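Presented below is the structure to which this report refers.
Computation of the quantities below employed the complete heavy-atom set of this structure, encompassing side-chain atoms and omitting hydrogens, waters and symmetry-equivalent molecules. Each chain gets a letter, A, B and so on, in the order its sequence line appears, and its residues count up from 1. Since this is a predicted model, take the numbers as computed values, not measurements.
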Protein chains: 2
Amino acid sequence: MSAKRGTDHTTPTAAPAPGRRERNKIEKLRRIKEAAMELFTRKGFDDTTTREIAAAADVGLGTVFIYAANKRDLLFLIANDGLEGVEERAHACLDPTAPLLENLLNIFRHHYEFFCRQPALSRLVLREMAFYEAGAQARPFQETREALIRLLGKAVQAAIDRNTVSPGDTPQFVGWTLFCIYQVELRRWISQDDLCLREGMDHLQRALKVVIRGLDPTAEALSVGRPPAAATDKTPPRKVPRAVRSTR
Amino acid sequence: MSAKRGTDHTTPTAAPAPGRRERNKIEKLRRIKEAAMELFTRKGFDDTTTREIAAAADVGLGTVFIYAANKRDLLFLIANDGLEGVEERAHACLDPTAPLLENLLNIFRHHYEFFCRQPALSRLVLREMAFYEAGAQARPFQETREALIRLLGKAVQAAIDRNTVSPGDTPQFVGWTLFCIYQVELRRWISQDDLCLREGMDHLQRALKVVIRGLDPTAEALSVGRPPAAATDKTPPRKVPRAVRSTR
DNA sequence: GGCATTTATTGAACATGCTCATGTTTGAAC
DNA sequence: GTTCAAACATGAGCATGTTCAATAAATGCC
C-alpha cells in the first residue's frame, strides 16, 4: 500500500474517527468492491480472475479472500448493497389504500428496475443466487429475500383489511406464493438478450392476475351463460421459456 | 480398456450391430455416467474431482471431457435420463376425468419422488439447474422442462373442457404459472435437511390451492356475512424459507 | 494382410480459485 | 520513544477444471 498517512497528527478524534486501521479496511473493501463490480460487468464473472480483481483494487491476492469468502461471495458483496436499498424503497411505496395488484407491481417494479440497470451483472447474481447458502454475504442476502416475502404478505393483508380480497390462506402464505411467481418470472425475463422492462412487467402482471383471479373453480356451479372451453384470451399464447446465453 | 472382443467373428450383423467403435463409445459413456453418479452421490459434487471420475471409469482424463462439455454437464448427463423417464410417467398418468388438483399433484408427485430418491444428488442438480444454458446436456434438460409446462397446460385444458375451471388466461399460460410455483416450492423443499415427501407435497398443495382458488377479488361485492380480516387459516403460518446447507 | 484415412483417446500442460506460513502494520502500555 | 501482541496483508504454492497436440484404434479399400 505504501501508506501515505496524510492525517492530522492529533489524537484520533473521539467517536467518529475509527482509527487508521479501520479506515484502511473500509477503503480496501471499497476498492475491492469497485474493482470487482467493474470487471464483472465488463468481462463477465467467469472471465474475470481473482488476480485481476486484486490487481485492479491494488491489494494482494490473499487480501481479496479476507473480504470475501470466495469468488461468488464477491458478487453478493456488490449485489447486497443495492438490494437492500431496493427493499427499503419497495417497502416505503406500499400504499394500504391502493389496489393489491398495484401494490404488487410497484414492489416488483423496484426490483426489476434494479436488475435492469446492470443486466449482465444481474444475470450473474440471479444465476448464483438460486442456491446460495455458504459465504459471509449469504445471510444478508437471505434476509433481504425474507423481507420481500413479508412485504408481499403485508400488501395482501392491506387488501384483506380493505375487504377487496379474501384468500383461502394466510396473508403470509399468499405472499410466499406470489414470491414463487416473481422468482421464476424474474429468471425468465433476465435471461433474455435485450431486456425490456415493459415486457417483463407485463408478463409478470399476467401471471399475478392468474393468481389473483384464480381458476374460478366455482364455474361448474355457475356454468350457465359462459363459453365452455378455452375462454377469453387477453394475449396470444407467447412462447414461454427460451434459448439462452452461454455460461462461459 | 484392453478390449476383449468376445464377438462373433462374422460380419457386423446388419442393422442392430453398430460396429466396435460405436459399442466402445456407448460402453465408455455408461462407465463414465456410472462413476460420476456414484462419486457425486457419495462425496458430493465439489469434493469429487474429474480425475477421480476418469479413474473410476477407467478412461483417460481427457476422455471425460469428450462426453461432457464440463463438470456441470456431467451432472445433467446423469439427471436427464431420470428426468425424461419421470416426464413420461407423469404424462401417462394424466386423467382427463380427474379433478385438476389431483392431476397436478400426480404430475408433481412423480417429480418429487424422483428427487427424493437421491436427495444429495438432486440438490446438486437443482442448484446447478437454475441457469443452465451451456453444455451439451442443457438442451434435453430445457426440453424436458418445456414438456412439463405443456403437460400442466394440458391438465388445465382438461379441467376447462369439463367445465370445472375457467381461468382468465390461456391454459398454456396457467401451466406456466403453476410451473413457477412448482419450481420454487421444489427448491424450498429439497434444501431441507431431512426430506419428507409428505411435507413437500402438502406445502406444494397449499400453494397450488391458493392459485386455483385465487384471492377472491369479488369479495367486495359479496362481503356481507364474512369475517372482515385475517379470515380462515387452514394451517398455522409456518416459517417459509430456511437455513441451509454448506456449499462446499 | 497392408496401407490410408478418419475418428477416438490420452495425459502433460495450463489457468485459476483458494490457502496459509510469513512478514508487516497498528495501537496502546509504559 | 520503545516494546509488544494482536490484527492484517501478502503472494508462493497447491489442487483441480479444462485444453490440445500427439498417439492409438477402427474402418474402408486394395
Side-chain angles (χ1 to χ4, degrees), chain A residues 1-5 7 9-14 17-29 31-32 36 39-40 43-75 77 128 134-136 246-248, chain B residues 1-5 7 9 11-12 17-32 36 39-40 43-75 77 128 134-136 246-248:
Chain A
M1 272 195 61
S2 72
K4 67 128 179 258
R5 58 180 72 179
T7 71
H9 57 307
T10 68
T11 57
T13 51
R20 177 162 38 244
R21 175 167 284 175
E22 204 58 25
R23 269 178 290 136
N24 276 346
K25 270 170 54 177
I26 290 171
E27 172 60 12
K28 279 196 176 149
L29 177 59
R31 289 211 308 274
I32 290 174
L39 285 167
F40 284 160
K43 309 184 50 178
F45 185 71
D46 290 329
D47 288 341
T48 299
T49 70
T50 51
R51 283 166 179 79
E52 284 176 304
I53 294 172
D58 194 27
V59 298
L61 174 58
T63 309
V64 170
F65 291 96
I66 293 172
Y67 291 91
N70 50 50
K71 198 180 172 185
R72 238 184 230 197
D73 215 38
L74 265 175
L75 203 55
L77 202 59
E128 302 296 326
S246 159
T247 297
R248 46 168 327 176
Chain B
M1 263 187 37
S2 71
K4 64 124 179 257
R5 57 181 73 179
T7 73
H9 58 307
T11 57
R20 172 158 47 243
R21 177 168 284 175
E22 204 59 26
R23 270 178 289 133
N24 275 345
K25 270 170 53 175
I26 289 171
E27 171 60 13
K28 280 198 173 146
L29 177 59
R30 196 195 56 74
R31 288 210 310 272
I32 290 174
L39 285 166
F40 284 162
K43 309 184 50 177
F45 185 71
D46 290 330
D47 288 343
T48 299
T49 71
T50 51
R51 282 165 182 80
E52 284 176 305
I53 295 172
D58 194 27
V59 297
L61 175 57
T63 309
V64 170
F65 290 96
I66 292 171
Y67 291 91
N70 50 51
K71 197 181 173 185
R72 230 182 238 196
D73 214 37
L74 265 175
L75 203 55
L77 203 59
E128 302 296 326
S246 159
T247 296
R248 53 164 325 177

**OP:** Among C/dT26, C/dT9, D/dA9, find the nucleotide with the atom closest to the side chain of B/Tyr67.
**Re:** C/dT9
Original post:
Using a cut-off of less than 4.0 Å, is there contact between a side-chain N or O of A/Lys25 and OP1 or OP2 of D/dC8?
Top reply: yes
Original post:
Between atom CD in A/Glu22 and atom P in C/dT26, what is the gap in whole Å?
Top reply: 13 Å
**OP:** Check whether any side-chain N or O of B/Asn24 sits under 4.0 Å from OP1 or OP2 of D/dA25, and answer yes or no.
**Re:** no
Original post:
Closest heavy-atom contact between A/Ala54 and A/Leu61?
Top reply: CB-CA, 3.7 Å
Original post:
Given that B/Arg51 and A/Thr48 both sit by DNA chain C, which one's nearest nucleotide is further toward the 5' end?
Top reply: B/Arg51
Original post:
In whole angstrom, what separates A/Lys43's NZ from C/dA15's P?
Top reply: 13 Å
Original post:
Between atom CG in A/Asn70 and atom P in C/dT19, what is the gap in whole Å?
Top reply: 8 Å
**OP:** Using a 4.0 Å heavy-atom cut-off across all strands, classify A/Thr63 as base, sugar-phosphate, or nothing.
**Re:** base
Original post:
Do any side-chain nitrogens or oxygens of A/Lys28 fall under 4.0 Å of OP1 or OP2 in D/dA9?
Top reply: yes
Original post:
To the nearest Å, how far apart are B/Lys71 NZ and D/dT16 P?
Top reply: 9 Å
**OP:** May I ask you to say what B/Thr50 touches in the nucleic acid, namely base, sugar-phosphate or nothing, with a heavy-atom cut-off under 4.0 Å?
**Re:** base
**OP:** Considering non-hydrogen atoms only, spot the tightest contact between A/Phe40 and A/Lys71 and give its length.
**Re:** CE2-CE, 4.2 Å
Subject >> Which nucleotide in D/dT18, C/dT9, D/dG13 has an atom nearest any side-chain atom of A/Leu61 >> reply: D/dG13
**OP:** Would you mind classifying the nucleic acid contact of A/Val64 as base, sugar-phosphate or nothing, using non-hydrogen atoms under 4.0 angstrom?
**Re:** nothing
Original post:
Whole Å only: how far is the CG atom of A/Asp58 from the C1' atom of D/dT10?
Top reply: 13 Å
**OP:** Search all heavy atoms of A/Asp58 against all heavy atoms of A/Arg31 and return the closest pair with its distance.
**Re:** O-NH2, 3.5 Å
Subject >> Gap between atoms CZ and P, on A/Phe65 and D/dC14 respectively (whole Å) >> reply: 18 Å
Subject >> Minimum heavy-atom distance between B/Thr63 and B/Ile32, given as atom pair plus value >> reply: O-CD1, 4.4 Å
Original post:
Nearest heavy-atom pair of B/Thr48 and B/Leu39: which atoms, and what distance?
Top reply: OG1-O, 3.3 Å
Original post:
Over how many whole Å does the gap from A/Asp47 atom CG to D/dT18 atom P extend?
Top reply: 13 Å
**OP:** Figure out the CD1/C1' separation between A/Ile66 and C/dT24, and round it to whole Å.
**Re:** 12 Å
